[in-house]
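When reading the values below, keep in mind they use all heavy atoms of this one structure, side chains included, and skip hydrogens, waters and symmetry mates. Bear in mind the structure is a predicted one, so any value in this text is a computation, not a measurement.
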Amino acid sequence: MRVVHVTRGFPPRCIGGMSTAVDAIVAIHRDAGWCVGVVSFDGYRARAAGAVAPRVRQDGAGGWIVRVLGAASADEARARIVAFAPDVVYLHHGTLWSEVDDACRRVGARVVAVAHVCQAVQAALRGVRSVPRSVAAQRALLRAADEVIAPSRAAADALAADVPECASRLRVAALPVPDCAAALAAAGPPARGGPILYAGRFSDVNGTAEWIAAIPAVARACPRARFVVAGGVPENPRADARWRARFSASAPQAELVGWLGRDALARHYAGASIVVVPSWFETFGLTAVEAMCRGRAVVATAAGALVDHVEPGVTGVLVPPRDPVVLAEAVAALARDPDRAIALGTAAAAAARRRYCSPTTSWP
């Protein structure tokens, strides 16, 4: 089997959960003996000028990785897809479909759309009335794809509601959780008094503002509580700086450790007592799953896929989205009761390991 993954950001360049998930999927496909090519549009802008050549690396057993760094190098990436003649092309971001659609048609590849984000849901949550390019691009891909993979039932329902004609081609397949062996080895009760961790991209739909608003209330209720914030906006320094300024102004208690690689982030998971996931909606919710696999108590919103991961009062705590007052109360209550946090984390690890970290030999 010859497959190509087309994505935005591929390790060691990691710009979010998509990069992490694609890395894990590619590893599974390689382990299955498939010949795998990766086209990563690293920081790519379709209208960018400059004849920047792509970085190409052979990856054993006929596999390869092409990093597209500018508009001029996209042609070379398309030519490599055609020469490789894959059986299947996995599209991990809708805006990239227009870049490779002709190449896919030329070789007759089966096109599989993997919906890491429900773009229409995000636009609606933000109150956007027009149709952003990201929404239009995802809709075009959902209509063109031979198969659509949603990482949760909530995501599948949202995609089918937005593009009804894709419903017959939809199936649900949870994203593989990377570092499963490490998660199994490291999972265990956290040290009492460990920090409360937020990890992920800073954005409105990820609930970053709600967590900024909640931190001072948690600090007042639990004066000894410590707060670690791992994340940012890695591809947009200006937006990253604005969010960091908001933390500094409204939640100076938080220690901002920046955007972290996988190993560094794993160390913060290991040291945390509670992990907070305050999203408005989650297509999959990788942060919550990773934290649960490591035996950490999770306080998450009842939003999208998170309700599939967290059983309230058994494997974690669920609160309404976009409510910093209730969020703060739930986190403070758990911080004051470390025995309960440990019990929730232990139950979460057992459930998450069974569901997400079992040995995997294939992925759709």
Side-chain angles (χ1 to χ4, degrees), residues 7-20 40-50 52 67-70 93 95 116-117 119 122-123 125-128 130 132-135 195-219 225-269 271-272 275-283 285-288 290-291 301 321-322 324 327-328 331:
T7 184
R8 281 192 181 275
F10 186 73
R13 184 179 191 270
C14 187
I15 60 171
M18 181 190 304
S19 306
T20 304
S40 181
F41 285 76
D42 290 0
Y44 174 77
R45 296 292 182 272
R47 290 178 293 276
V52 181
R67 296 187 180 276
V68 180
L69 306 175
H93 199 288
T95 58
H116 297 267
V117 178
Q119 300 288 355
Q122 287 205 351
L125 288 171
R126 288 171 168 148
V128 178
S130 60
R133 177 172 174 263
S134 59
V135 173
I196 299 165
L197 175 66
Y198 171 101
R201 178 178 296 275
F202 297 168
S203 77
D204 49 2
V205 295
N206 282 351
T208 310
E210 283 76 20
W211 184 229
I212 291 173
I215 287 175
V218 177
R226 293 181 292 135
F227 305 88
V228 172
V229 174
V233 192
E235 75 282 18
N236 190 332
R238 290 185 179 180
D240 188 84
R242 287 195 295 269
W243 278 110
R244 292 176 71 87
R246 291 179 68 174
F247 272 104
S248 298
S250 301
Q253 303 91 338
E255 178 188 359
L256 305 180
V257 297
W259 190 266
L260 302 178
R262 183 184 302 171
D263 292 343
L265 180 57
R267 289 192 289 271
H268 281 285
Y269 278 131
V275 176
V276 180
V277 187
S279 307
W280 298 359
F281 182 86
E282 281 288 354
T283 305
L286 183 61
T287 296
E290 287 182 334
T301 48
R322 306 177 78 166
L327 176 64
V331 173

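Of all non-hydrogen atoms in Arg201 and Val233, the two that sit nearest each other are NH1-CG1, 4.0 Å. Minimum interatomic distance between Pro216 and Ser250 (heavy atoms only, all atoms of both residues): CG-O, 3.2 Å. Across all non-hydrogen atoms, the minimal contact from Ala199 to Thr287 is O-OG1, 3.2 Å. Scanning all heavy atoms of the two residues, the minimum distance from Gly232 to Asp240 falls at CA-OD1, 3.1 Å. In this structure, Asp204 and Trp243 approach most closely via the heavy-atom pair N-CZ2, 3.8 Å. Of all non-hydrogen atoms in Gly9 and Ser19, the two that sit nearest each other are O-OG, 3.2 Å.
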Side chain to side chain contact (heavy atoms under 4.5 Å, CB included) between His93 and Gln119, worked out: CA-CA 10 Å; His93 199 288; Gln119 300 288 355; 4.0 Å; yes
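The backbone N or O of Phe10 sits less than 3.5 Å from a side-chain atom of Ser40, completing a donor-acceptor pair.
Counting heavy atoms from C-beta outward, Pro321 and Glu282 have side chains that stay 4.5 Å or more apart. Phe227 is not listed as a side-chain neighbour of Val276, based on a closest heavy-atom distance of 4.5 Å or more. Two residues are said to be in side-chain contact when any heavy atoms from C-beta on lie closer than 4.5 Å; Thr301 and Trp280 fail this criterion. Taking the side chain as every heavy atom from C-beta outward, Thr283 and His116 never approach each other to under 4.5 Å.
Residues Thr208 and Asn206 have side chains that never bring a donor and an acceptor to within less than 3.5 angstrom of each other.
The structure places CZ of Arg226 at 11.5 Å from CG of Leu197, a figure rounded to the nearest 0.5 Å. Distance CZ/Phe202 to CZ/Arg242: 13.0 Å, rounded to 0.5 Å. The distance from the OH atom of Tyr198 to the CG atom of Leu256 is 11.5 Å, given to the nearest 0.5 Å. Trp211 CH2 to Phe247 CZ: the interatomic distance, rounded to the nearest 0.5 Å, is 9.0 Å. A distance of 14.0 Å separates CZ in Arg322 from CG in Leu327, rounded to the nearest 0.5 Å. One distance of note links CD of Gln253 with CD1 of Ile196; it measures 11.0 Å at 0.5 Å rounding.
We find that Glu235 and Arg13 are not joined by a salt bridge, their nearest charged nitrogen and carboxylate oxygen being 4.0 Å or further apart.
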